[in-house]
A.B. asks: 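Can you keep this structure in mind? I'll have questions shortly.
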Amino acid sequence: MLSTRGLLGGAAAMLTVSAVLIYVAGIVALAARMKVHGFWWGLVLSQLPREVLQEIAASSVLLPALAFAVVGYLLPRLVLPGHSRLRRGLTVLFERAPRSAFVLLTALLAVPGTVALIHAGTARARWMIVLAEIVLLPAAAFLATALRKMRRYREAQPGVWIAACTTAMMLTAVPGAVAWSASLPLYDARACGAGYELDAYFIGAASDWTYLAEPSYDPKTGRAIAPQLVMVPTSRVNAVTVTRGDTDCSPTEGQLGTTKAAAS
């Protein structure tokens with residue numbers, strides 16, 4: 001029988017490892033998205049506060065992976081009758097936890113995002129994601145092995161077993177969430193403040209700063225170059241509108257990228 005202390009220790013370790021993995025996965029996804037847009041992503045990431053990176057990891061990696069775990073494992077187990085084919089299949093997958101099943105599931109989930117990234121991204125961004133997935137495939141096999149060793153506690157601690165399976169399903173979906181998030185473009189945004197308007201890409205916002213990327217161009221050739229990181233004090237931002245079209249910063253109108261604006 002697993003002791004209460006052992007259960008708490010194992011749960012704490014699992015939560016810590018999961019949180020670190022998701023945090024790092026969010027950074028990798030953001031770095032790939034920046035690289036697609038021509039960013040010097042290493043310099044930009046070093047200036048982003050932890051709360052911005054945590055929010056990006058939660059929204060772009062944690063939520064999709066958790067949704068997959070809930071829909072793929074937890075919901076069918078709670079809703080479907082015990083004799084249903086899907087529930088029996090889930091039981092076979094997680095009780096036996098064959099390494100090949102977890103590795104195959106991890107690889108399949110990453111295919112759509114990888115294909116989209118290869119189509120839209122730069123070579124370096126593509127290889128960054130491909131290498132990350134190759135590294136994470138052995139992690140999926142290790143996850144299957146760890147879950148298989150917990151099988152003996154399925155009857156004695158059913159709640160722990162269900163939580164472990166749900167977490168394993170979520171972590172299996174992390175590489176797919178990273179690849180898909182990395183394939184998405186940074187959102188176009190227009191920052192509206194007192195006396196200025198700015199068209200940029202939206203990166204994130206913290207309690208004190210809003211982080212934007214302003215497209216830059218070579219004045220001689222007119223060709224696009226690496227975007228510039230713009231850090232706007234949140235207190236000076238009236239609104240940040242995420243848009244794909246033209247949006248006016250009412251009640252002011254002025255020259256984009258300048259502080260020249262007149263009251264309308």
A.B. asks: Specify the closest pair of heavy atoms between Pro175 and Thr106, including all atoms of both residues, with the distance to one decimal.
C.D. replies: CG-CG2, 3.6 Å
A.B. asks: Nearest heavy-atom pair of Trp209 and Met231: which atoms, and what distance?
C.D. replies: CZ3-O, 3.4 Å
A.B. asks: Just wondering, do Met34 and Ile203 contact through their side chains at under 4.5 Å, heavy atoms?
C.D. replies: yes
A.B. asks: Which pair of non-hydrogen atoms, one from Ser60 and one from Ser181, has the smallest distance, and what is that distance?
C.D. replies: CB-OG, 3.1 Å
A.B. asks: Can you measure from CG (Leu66) to CG (Leu171) and round to the nearest 0.5 angstrom?
C.D. replies: 10.5 Å
A.B. asks: For the atom pair CG (Leu229) and CG (Leu48), what is the distance rounded to the nearest 0.5 Å?
C.D. replies: 7.0 Å
A.B. asks: Please write out which residues are connected to Trp180 in a hydrophobic cluster, directly or through intermediates, given that two of Ile, Leu, Val, Met, Phe, Trp, Tyr count as joined at side-chain heavy-atom separations below 4.5 angstrom.
C.D. replies: Leu184
A.B. asks: Taking it one step at a time, do Tyr201 and Asp188 satisfy side-chain contact (heavy atoms from CB on, under 4.5 Å)?
C.D. replies: CA-CA 5 Å; Tyr201 301 123; Asp188 295 332; 3.2 Å; yes
A.B. asks: Between Met169 and Ala69, what is the shortest heavy-atom contact and its length?
C.D. replies: CG-CA, 3.7 Å
A.B. asks: Could you check whether any side-chain heavy atom of Tyr23 comes within less than 4.5 Å of a side-chain heavy atom of Arg50, counting everything from C-beta outward?
C.D. replies: yes
A.B. asks: Between Ala25 and Val174, which heavy-atom pair has the shortest distance, and what is it?
C.D. replies: CB-CG1, 3.8 Å
A.B. asks: So does Ala110 get a backbone contact from the side chain of Thr114, meaning a donor-acceptor N/O pair under 3.5 Å?
C.D. replies: yes
A.B. asks: Rounded to the nearest 0.5 Å, what's the gap from OG1 on Thr172 to CG on Leu105? Could you check?
C.D. replies: 5.5 Å
A.B. asks: Looking only at non-hydrogen atoms, find the nearest pair between Ala206 and Val52 and report the distance.
C.D. replies: CB-CG2, 3.9 Å
A.B. asks: Can you tell me how far the CD1 atom of Ile162 sits from the OG1 atom of Thr167, to the nearest 0.5 Å?
C.D. replies: 11.5 Å
A.B. asks: Within the side chain of Arg33, is there an N or O that forms a donor-acceptor pair under 3.5 Å with the backbone of Pro185?
C.D. replies: yes
A.B. asks: Using ring-ring contact (aromatic ring centres under 6.0 Å, His included) as the criterion, list what pairs up with Phe68, not counting sequence neighbours.
C.D. replies: none
A.B. asks: Do Val61 and Val28 have side chains that get closer than 4.5 Å, going by heavy atoms?
C.D. replies: no
A.B. asks: Taking atom NZ of Lys35 and atom CG of Leu30, what is their separation to the nearest 0.5 Å?
C.D. replies: 13.5 Å
